[in-house]
S.K.: 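Sending over a structure as structure tokens; questions will come in a sec.
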Protein chains: 2
Amino acid sequence: MSTNGDRSRGTTIFDVARLAGVSHQTVSRVLNDLPNVRPATRERVEQAIRQLRYVPSQAARALVTRRSRTIGLVATGLPDYGPASYVLTVNESARDAGYAVITTTLADAAGPSLRSAAELLIRQNVEAIVLIAAERVALDAFDGWELGVPLVVVSGEPRGRAVRVGLDQYRAARAAVSHLLELGHTDIRHVAGPVGSIDGEERLRGWRDRLQESGLTPTEALRGDWTPASGYELGAALAETGAEAVFVANDQMALGVLHALQTAGRRVPEDVSVIGFDDIPEAAHFSPPLTTVRQDFVAIGRDAMAAVLALLQDEEGTRLPAPREPPLIIRGSTRAV
Amino acid sequence: MSTNGDRSRGTTIFDVARLAGVSHQTVSRVLNDLPNVRPATRERVEQAIRQLRYVPSQAARALVTRRSRTIGLVATGLPDYGPASYVLTVNESARDAGYAVITTTLADAAGPSLRSAAELLIRQNVEAIVLIAAERVALDAFDGWELGVPLVVVSGEPRGRAVRVGLDQYRAARAAVSHLLELGHTDIRHVAGPVGSIDGEERLRGWRDRLQESGLTPTEALRGDWTPASGYELGAALAETGAEAVFVANDQMALGVLHALQTAGRRVPEDVSVIGFDDIPEAAHFSPPLTTVRQDFVAIGRDAMAAVLALLQDEEGTRLPAPREPPLIIRGSTRAV
DNA sequence: AGCTTCTGAGCAGATGTACAA
DNA sequence: GTTGTACATCTGCTCAGAAGC
């Protein structure tokens, strides 16, 4: 209250103790909700805390408890809807569990920047790391690297040593192709994600395998980069070669494909069926509304945090959530021949 | 290396010192890049650090330096494209500046949850807080609350005491309406954001003021909630009342509006002009491609972090980045009458 | 004996000083 | 004079163990 303003950076547990007329230890007990404090004393301490606007130093506490109450989140793929949903959900789940989240987002998923991001987290003494891995290189960067803390990977591929949660992309892609097959299509093309994308490759594999099982010969997949713009380019190529059904690896590219197809005078779904992947909120309002495979990002994000908590508790032998089933959302962009 | 596995949680600066044959003080010098260390010694120490996989304790360092090297980010509005972009950019800028970011995301922007989110950050001893404020209640929750750390607000409204960065939503909305006016439209409707949204209200105000300045009487604005679904509903109403031009407060709702208009048999832009706001990546591939106002989320996110660093350095009297100008992106959804 | 409260020893580093090579 | 070292002290808090009522 001096003219100097608040020097509040300096209120310690001892100041509170003095004001409340108790020892710092008693204040600590109140702070940590420990028993054996007389209600009247507790009240006096709480009063002092409020009056002093005292905030315990997390640093000091972490130093002695060896627990930072913080987890790290490494996310690539933002600002897209899927990754953003994961970030949101992991964050909220963590907060519910009393953990703070240090997030490091990366525009490029190259190995070196990933490792340095993870090192930053380790330096901040996070208790666990959640990796949202869109690219295979991300997985590789962590492979065989002893972090010293538990690692949970959100990824569409079951491979790898780390604990993993996520949707089984392979099965989901098969379901999408099956839908097209059931509608009577036999010439089913694929607009795939970029080379190196885990989900992209798994969806491609699912498409190819499912076709071959039906005795069909898959064409060469077209490679996009997840953006509507790339979908548009590829869609133009598709229109030229007269495709009748297309499985597009994500909804954003599907939007571009629809755009290109219509620009080329091909009607969807009358002339060509299009199915997407993700079920972003926009998908229901494309022209026509997009048939797609839904990923429940919220549920998967929760799974990730649940896995973290499990690892943090019993170290080993935790039962992990099973990969999620992918619901097919049938709208207006696919039609029986 | 014992059967017990790694007890690496316990490698201290002293262990490194012992292995390198120097004092812990010298190790500290190496760690902090201080002078007066012979190159050979430095090398020996670095070697020992690598060998021991030593990671300095952030907690211990923060305790004594009183600097957590961490900033807090409070974000509402995820997983939408705009907020997600901010999160991404603020994160990267912070990392470049050597700061870790503790992010708290909130699905609902209610005052109490915002305050408790901020308190969590304060308890983690962040050095500053960045608030991505979509709703007015978010701003109110922080108003007149002495946080004890600098606060930077990303918001579309210049009001308030805190340091603010962002696009001038009011002016941007006026620009959108001006475009419609120049095309010869006189009946210009508005699909607005939800009540309480800062950006929404500012865009609404810009639309209303601009019309009145041209001697036109604004109709009642329709209220959406930013989602394509709400745009669709409102678009249906618009089609019934025979609108000829619509300024939609964001691109996602504009998508829904396009969908509804076309469902009702109204052609865009032949029968009705539609202009959106944001320029999300999808906008260029709507049917028709959407005319819209671009927000440069990346630039604004950088501004936010720049403001944080400025505040952290000279406490007071910092020159702040000027509000950004909004470029108009003219595509195929608007047309002269 | 039983609550309640207090005292003192770390936790892992940073910083400053005195001092040796 | 330049490097480097040893020692002491400090950060704010938790946790045993001890003491008081």
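In what follows, chains carry the letters A, B, and so on, assigned in the order in which the sequence lines appear, proteins first and then strands, with residues in each chain numbered from 1.
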S.K.: So, is A:Ser23 close to the C:dC6 phosphate, meaning a side-chain N or O under 4.0 Å from OP1 or OP2?
M.R.: yes
S.K.: Of the residues in residues 37-49 of chain A, which ones touch DNA chain C at a heavy-atom distance under 4.0 Å?
M.R.: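 Those residues are A:Val37, A:Arg38, A:Thr41.
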S.K.: Examine C:dA12: is either OP1 or OP2 under 4.0 Å from a nitrogen or oxygen in the side chain of B:Tyr54? Give yes or no.
M.R.: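 Indeed not, no polar side-chain atom of B:Tyr54 lies that close.
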S.K.: Which parts of nucleotides 15-21 of chain C does protein reach within less than 4.0 Å, heavy atoms only, written one letter per nucleotide 5' to 3' as B for base, S for sugar-phosphate only and - for none?
M.R.: BB-----
S.K.: Could you name each residue pair satisfying ring pair (Phe, Tyr, Trp, His ring centres under 6.0 Å) that touches residues 86-111 of chain A, not counting sequence neighbours?
M.R.: A:Tyr86-A:Phe297
S.K.: Does a nitrogen or oxygen in the side chain of A:Asn36 sit under 4.0 Å from OP1 or OP2 of C:dT4?
M.R.: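 Result: yes.
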S.K.: Return the nearest nucleotide to the side chain of A:Phe14; candidates are C:dC6, D:dT5, D:dC13.
M.R.: D:dC13
S.K.: Tell me every residue that passes side chain to side chain contact (heavy atoms under 4.5 Å, CB included) with A:Ser57, counting only those two or more places apart in sequence or in another chain.
M.R.: A:Ala59, A:Ala60, B:Leu63, B:Asn125
S.K.: Kindly write out the residues that satisfy side chain to side chain contact (heavy atoms under 4.5 Å, CB included) with B:Val64, not counting sequence neighbours, or none if the list is empty.
M.R.: none
S.K.: Can you run down the ring pair (Phe, Tyr, Trp, His ring centres under 6.0 Å) pairs that involve residues 50-78 of chain A, sequence neighbours left out, and say none if there aren't any?
M.R.: none
S.K.: For B:Ala60 and B:Val22, take the nucleotide of DNA chain D holding the closest heavy atom to each; which residue's nucleotide lies nearer the 5' end?
M.R.: B:Val22
S.K.: Could you pull out all residues at least two apart from A:Gln25 that satisfy side chain to side chain contact (heavy atoms under 4.5 Å, CB included)?
M.R.: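 Residues passing side chain to side chain contact (heavy atoms under 4.5 Å, CB included) with A:Gln25: A:Ser23, A:Ser28, A:Arg29.
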S.K.: Tell me whether B:Glu127 is salt-bridged to B:Arg67, with the criterion being a basic N under 4.0 Å from an acidic carboxylate O.
M.R.: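 Salt bridge between B:Glu127 and B:Arg67, a charged N being under 4.0 Å from a carboxylate O: yes.
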S.K.: Report which part of the nucleic acid A:Leu63 touches: base, sugar-phosphate, or nothing (heavy-atom distance under 4.0 Å, all strands).
M.R.: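 The residue A:Leu63 makes base contact.
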S.K.: At under 4.0 Å between heavy atoms, what does A:Pro35 touch on the DNA or RNA strands: base, sugar-phosphate, or nothing?
M.R.: nothing
S.K.: Which residues pass the side chain to side chain contact (heavy atoms under 4.5 Å, CB included) test with B:Ala107, sequence neighbours left out?
M.R.: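 Expected list: A:Glu92.
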S.K.: State whether the side chain of B:Arg115 and the backbone N or O of B:Ala141 hold a donor-acceptor pair below 3.5 Å, judged by distance alone.
M.R.: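 Judged by distance alone, yes, a pair lies under 3.5 Å.
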S.K.: Mind jotting down which residue pairs meet the salt bridge (charged side-chain N to carboxylate O under 4.0 Å, His left out) criterion with at least one end in residues 34-47 of chain B? Sequence neighbours excluded, please.
M.R.: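 Of all non-adjacent pairs touching residues 34-47 of chain B, those that pass salt bridge (charged side-chain N to carboxylate O under 4.0 Å, His left out) are B:Asp33-B:Arg42, B:Glu43-B:Arg50.
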S.K.: Please enumerate all residues that pass side-chain hydrogen bond (donor to acceptor under 3.5 Å, both in side chains) together with B:Asp80, with sequence neighbours excluded.
M.R.: B:Gln252
S.K.: Over how many whole Å does the gap from B:Arg67 atom CZ to C:dA14 atom P extend?
M.R.: 14 Å
S.K.: Is any side-chain N or O of B:Arg66 closer than 4.0 Å to OP1 or OP2 of C:dA14?
M.R.: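 Answer is no, no contact under 4.0 Å.
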S.K.: Angle between the two end axes of the helix from C:dG2-D:dC21 to C:dA21-D:dT2, five base pairs per end, rounded to 10 degrees?
M.R.: 30°
S.K.: Using whole Å, what does the distance between atom P of nucleotide D:dT11 and atom CG of B:Asn125 come to?
M.R.: 16 Å
S.K.: Among pairs that include at least one residue of residues 15-40 of chain A, which meet ring pair (Phe, Tyr, Trp, His ring centres under 6.0 Å), considering only residues two or more places apart or in two chains?
M.R.: A:Phe14-A:His24
